[in-house]
Colleague: 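My questions all concern the structure below.
Small disclaimer: the values here were computed from a predicted structure and weren't measured.
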Amino acid sequence: MEQKTLARPMFTGRELWRLILPLVAEQLLMVTVGMADTVMVSSVGEAAVSGISLVDQVNVLLIQIFAALATGGAVVASQYLGRRDRENACRSAKQLVYSSFGMAVLIGTLVLLLNRRILQAVFDNVEPEVMRAAETYFWLSALSYPMLALYNAGAALFRSMGNSRVSLFASAIMNVINIGGNAFLIYGLRWGVAGAGTATFASRAVAGIMMLALLHKPENPIVLNRLLHPEWDGGILRSILRVGVPNGLENGIFQVGKLLVAGLITTYGTAAIAANAIANNVATMTNLAGSAIGLAMITVVGRCIGAGDLAAARRYTRLLLAAVYVSMWATNILLYFLAPYLVRFYAMPQQTADMALLVLNVNFILSSLFWPLSFTTPNALRAAGDAKFTMTVSIISMWTFRIGMSYVLGTWLHMGLLGVWAAMQIDWIVRAIFFSLRFHGHRWEEKHVIDT
């Protein structure tokens, strides 16, 4: 790729803030609403919390397939915008919407048909009451997949335009509907787990429709035109899949591994399942700013690569990575002191609360050291088209360390839930080493996504 230096910076400091801050707010909104969901459902009982927690882990696996397509579409659209090729940026948007929606319909249909079989294959040892709650929530979740796919695709496209405020607004509307629906259906109508699933479906449907409507505005850098008139562009679709397929395989296999680990945790009892759910909810808050900046990095680095400015791609990656470290240290220090109070909100037995607090305290330290290098840095590589490398490293590290060491530490050495979380942190360290070495080399600079 020919390297050139632009007279004007690709992104000013103000433009970076305008991109990142709404993403941070959106990530915070998602986490706090997720916690609110769990707290509201906890009034139904520990089995309901455990059942929804198990389904959410399966949901993440299935959703990652079309979320990966959204990432591929964002990379392609960002690179076309960096090249100032609006026509192909709009074409890539249309291909992304078609492929994401079609894949989500297929996945949702399979889940509706194979609901109980999927859950039994992954979580065969759970108690009957937990399984009943999981089946109900899984069926209702499957209905919402297509609309969630549209929301994810739209959010990715607006991020590629440098406009993350739209996805924040849509997410806010979605979460207001979700919490309000939960309150009415769980507390008012006493629907329990079914109420939580119904509220989730309604909120995702509204968000998906909203994204389609906003993408039709002609003043956008990327516009969806004639959506009801299918136009398949094989070249652009291949470009999207060039990033989306490796990213989908990486995320999918990663989630399969997490499901295996979750299945292992079920053998430790309902208290361990609930403690893991609580710890996951709280721990997600530690990296929400990092996740937001990682999403911004795809747009920023993608634009730089599209414009052929490799020096800027490196410079912005280092800048954004430093921002992740600052945000994570600040968040983890704060959460260390708040964790005992946050855990109490879940109204769980003392044994469950103590278990969750133990794994969280260890996580606060290690995530500050290794999470940014293992999860933010690879976004820069993906934005440049080096998705196969990130896929290979992630899959090998996941299966060797996170899964293998979970059995060694959690079961064989009788460390239980703490051993499983320690294995996860070993996986972070391995990823951090490989991704850092790759970024400081030059192989990723030779990759390409769109035709030159």
Colleague: I'd like to know if the side chain of S394 pairs up with that of R431 as donor and acceptor (distance under 3.5 Å, no hydrogens or angles considered).
Modeller: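 S394 vs R431: donor-acceptor pair found between side chains.
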Colleague: Side chain of S99, backbone of Q95: donor and acceptor closer than 3.5 Å?
Modeller: yes
Colleague: Any carboxylate oxygen within less than 4.0 angstrom of a Lys/Arg side-chain nitrogen, looking at D386 and R438?
Modeller: yes
Colleague: Might you point out which heavy atoms bring Y407 and L260 nearest each other, and give the distance in Å?
Modeller: OH-O, 4.1 Å
Colleague: For F434, is the CZ atom crowded, meaning more than 12 foreign heavy atoms sit under 6.0 Å from it?
Modeller: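 Atom CZ in F434 is not packed in, count stays at 12 or less.
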Colleague: Classify the side-chain pair Y137/N59 by whether it contains a donor and acceptor separated by less than 3.5 Å.
Modeller: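 Per modelled atom types, Y137 and N59 side chains form no pair under 3.5 Å.
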Colleague: Salt bridge check: are E26 and R159 linked by an N-O gap of less than 4.0 Å?
Modeller: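 Answer for the salt bridge query: no.
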Colleague: How many angstroms lie between atom CG of L157 and atom CD1 of I222, to the nearest 0.5 angstrom?
Modeller: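 Interatomic distance, L157 CG to I222 CD1, rounded to 0.5 Å: 5.5 Å.
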Colleague: Would you indicate whether Y98, at its atom OH, is surrounded by more than 12 heavy atoms from other residues, nucleotides or ligands within a distance under 6.0 Å?
Modeller: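 Counting other residues, nucleotides and ligands, OH of Y98 exceeds 12 neighbours.
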Colleague: Considering all heavy atoms of both residues, which atom of R86 and which atom of N220 are nearest to each other, and what is their separation?
Modeller: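 Smallest interatomic distance, heavy atoms only, reads NH2-O, 2.6 Å.
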Colleague: Nearest 0.5 Å, what's the CE-OG distance between M210 and S167?
Modeller: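 Between atom CE of M210 and atom OG of S167 there are 11.5 Å.
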Colleague: Does CG in L114 sit with more than 12 non-hydrogen atoms of other residues, nucleotides or ligands closer than 6.0 Å?
Modeller: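 Atom CG in L114 is crowded, with more than 12 foreign heavy atoms closer than 6.0 Å.
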Colleague: Can you tell me if N280 uses its side chain to pair, donor with acceptor, with the backbone of N276 under 3.5 Å?
Modeller: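 Side chain of N280 to backbone of N276, a donor-acceptor pair under 3.5 Å: yes, one is there.
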Colleague: Does D56 have any salt bridge (charged side-chain N to carboxylate O under 4.0 Å, His left out) partners at least two apart in sequence or in another chain, and if so, which?
Modeller: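 None.
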Colleague: Does the K388 side chain pair with the main chain of P246, one donor and one acceptor, at a distance under 3.5 Å?
Modeller: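 Side chain of K388 to backbone of P246, a donor-acceptor pair under 3.5 Å: no, none is there.
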Colleague: Checking Y80 side chain against G306 main chain: does a donor-acceptor pair fall under 3.5 Å?
Modeller: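 No, because the side chain of Y80 does not come within donor-acceptor range (under 3.5 Å) of the backbone of G306.
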Colleague: Side chain to side chain contact (heavy atoms under 4.5 Å, CB included) with R91: which of I236, V76, L237?
Modeller: I236
Colleague: Please check if the side chain of T266 supplies one atom and the backbone of G263 the other of a donor-acceptor pair under 3.5 Å.
Modeller: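 Yes: the side chain of T266 pairs with the backbone of G263.
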Colleague: Would you compute the distance between atom CH2 of W421 and atom OG of S367 and round it to the nearest 0.5 angstrom?
Modeller: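 These two atoms lie 9.5 Å from each other.
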Colleague: Please test Y145 against V111 for side-chain contact (heavy atoms from CB on, under 4.5 Å), starting from the C-alpha separation and ending with a verdict.
Modeller: CA-CA 10 Å; Y145 291 163; V111 170; 4.0 Å; yes
Colleague: Taking all non-hydrogen atoms of both residues, which atom of I403 and which atom of G257 are closest, and how far apart?
Modeller: CD1-CA, 3.4 Å
Colleague: Is it true that a side-chain atom of S78 and a backbone atom of V75 form a donor plus acceptor pair closer than 3.5 Å?
Modeller: no
Colleague: What residues, two or more places apart in sequence or in another chain, satisfy salt bridge (charged side-chain N to carboxylate O under 4.0 Å, His left out) together with R303?
Modeller: none
Colleague: For N175 and N178, test the side chains for any donor-to-acceptor distance below 3.5 angstrom and give the result as yes or no.
Modeller: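 Checked: N175/N178 side chains show no N/O donor-acceptor pair below 3.5 Å.
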Colleague: Using atom types as modelled and distance alone, determine if a side-chain donor or acceptor of Y316 lies under 3.5 Å from a backbone N or O of F11.
Modeller: yes
Colleague: Below 6.0 angstrom between ring centroids: does that apply to W444 and F389?
Modeller: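 Ring-ring flag for W444/F389: false, centres at least 6.0 Å apart.
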Colleague: Minimum heavy-atom separation for F435 to T377, with atom names?
Modeller: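 Reported closest heavy-atom pair: O-CG2, 3.8 Å.
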Colleague: Show me the pairs that pass salt bridge (charged side-chain N to carboxylate O under 4.0 Å, His left out) and involve residues 310-324, at least two apart or across chains.
Modeller: R314-E445
Colleague: Are there over 12 heavy-atom neighbours, none belonging to M103, within less than 6.0 Å of that residue's CE?
Modeller: no
